Amino acid sequence: MKLLKLIAILCIMCSTFLLNACFDMEEDNKLIIKYLDNTFGKNTYTIRQDRHQWFVTLNKYPELTFFYTVSHDPFSMSSPSIKTNFDHVLGEYVVEKYRKTYKLGKDELFFDSPINFVYYTKVNSLEELKISYGRLMEFISFVSEKYPILIDMGLLKIRMDIEGIHLKGMDDNDNTIYLDISEVKNDGLSIKSYEEIYEELMPNLKTHLDNPDGIIFHADIGRSFILGSDTFEDCLHKVLVLKNGTAEELKKIILQPGELSKFYIFKSEDQYKFTEISLQAKNLSNSPCSLFDATIIKAVVDNAKELFIDTEWIELDYDERREWKDPYEMLGIFPPKIEKEKVEGVQYKNIKILFEMNEYYKGVKRVTLTF
């Protein structure tokens, strides 16, 4: 008797589940149709259902098929929601069509959801960038004329990825500049002009070549520095705060050939980070130059917990839970032995390094790097 009751309960549960599933599918179908009608208009598409997926072909683009499905999430306020591959399928199709007709040179164009379109170029100057920008404008014209649905659907956001030119303060391994070129807004398609790009990049463009003999260091604040290569102006673009002076004041300072500047202190914008980097510049040219054009030849790093030098990350803050290695050993050099080394530092490639230890406990309180 109990077994019969159990079987009856299971049958009722299965029937309820199947009825709900059928009901959900009917509701999902209504939701899909309503969405398609509102988005593309009635009688502008054909639709075929395969269980929980709907395959849609637009009359304007009969060669393309998009799939739609309804997602149900009981924990989401936006449930049910519609999922589709429309963006990806149409975006890749448009790029393919464009490539068959227009030349991109060595540039690249591809669709990358959720960014939409990415245009990649490698240039040596802003003048060369103007040529690539022109090609990109041709693509926007092509889309506007032949595939305005991308604009109507808000899918013509384009990012330009630029390599070959460098901005002041960029990390050594940060080789790409990312620019948003176009975006669909309420009042239509907004496009950044070449003049706007030029005004944005030109003042921040790095105009000198890196010294291959320079040594990279990176404290636990800001960005990387190249000792013996970066100019003082480069240092103003390292996402740090200048503690003693303003850029306007320092720009007026002129250094004679071979003259050293005083030390300028940089700190983090984060008040809870206490690392400070003091930098000294030198005029390495044969004629007077602005402090902004002088080369950084000395750095003093205080209160840092770690420091990257050349190829090594070095733990400066002692932690008894981890194995702590002597910083000189990490760089493959011996600690200072003679009095001169204890004052100036130990030779490491093209620089001298001095680690000053804490007096009463393990760890490094100050690091001095001299080119």
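This is a predicted model, so every value here is computed, not measured. Every heavy atom of this structure was used, including side-chain atoms; hydrogens, water molecules and symmetry mates were not. This chain uses plain numbering: 1 for the first residue, then up along the sequence.
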Check the side chains of Tyr119 and Asp107 for a donor-acceptor pair under 3.5 angstrom, ignoring hydrogens and angles. yes
Ring center gap for Tyr264 and Phe232 short of 6.0 angstrom: yes
Taking atom types as modelled and ignoring hydrogens, do the side chains of Asn85 and Tyr68 form a donor-acceptor contact shorter than 3.5 angstrom? no
Are Lys192 and Glu200 within salt-bridge range, i.e. N to O under 4.0 Å? yes
What about Phe66 and Phe55, are their ring centers closer than 6.0 Å? no
Over 12 foreign heavy atoms within 6.0 Å of CG, Asn286: no
Return yes when atom NZ of Lys238 has more than 12 non-hydrogen atoms of other residues, nucleotides or ligands closer than 6.0 Å, and no otherwise. yes
No-hydrogen, no-angle side-chain donor-acceptor test under 3.5 Å, Glu196 and Ser193: yes
When rounded to the nearest 0.5 angstrom, what distance separates CD in Glu233 from CG in Asp293? 7.0 Å
Do the rings of Tyr198 and Tyr194 sit parallel, tilted or perpendicular, given the 30° and 60° boundaries? tilted
Pair Asp220, Thr275: side-chain N/O donor-acceptor within cut-off below 3.5 Å: yes
Can you confirm whether more than 12 heavy atoms, excluding those of Leu209, are under 6.0 Å from its CG atom? no
From CE (Met25) to CD (Gln49), nearest 0.5 Å: 6.5 Å
Any Lys/Arg nitrogen of Glu183 or Lys157 sitting under 4.0 Å from an Asp/Glu carboxylate oxygen of the other? no
Suppose we call two aromatic rings close when their centres sit under 6.0 Å apart. Are Phe142 and Tyr102 close by that rule? yes
Could you check whether atom CD of Glu63 has more than 12 heavy atoms from other residues, nucleotides or ligands sitting under 6.0 Å from it? yes
Have Ser285 and Asn283 got a donor and an acceptor in their side chains that come within less than 3.5 Å? yes
Going by distance alone, is a donor N or O of one side chain under 3.5 Å from an acceptor N or O of the other, for Asp161 and Thr176? no
Atom CD of Glu323 with >12 non-hydrogen neighbours under 6.0 angstrom: no
Closest heavy-atom pair, Val184 versus Leu156, reported as atoms and distance to 0.1 Å, is CG2-N, 4.0 Å
How about Tyr93 and Tyr61: are their ring centres within less than 6.0 Å of each other? no
Would you please classify the geometry between the His218 ring and the Trp313 ring as parallel, tilted or perpendicular, with 30° and 60° separating the classes? tilted
Is Lys305 atom NZ crowded by more than 12 heavy atoms from other residues, nucleotides or ligands, each under 6.0 Å away? no
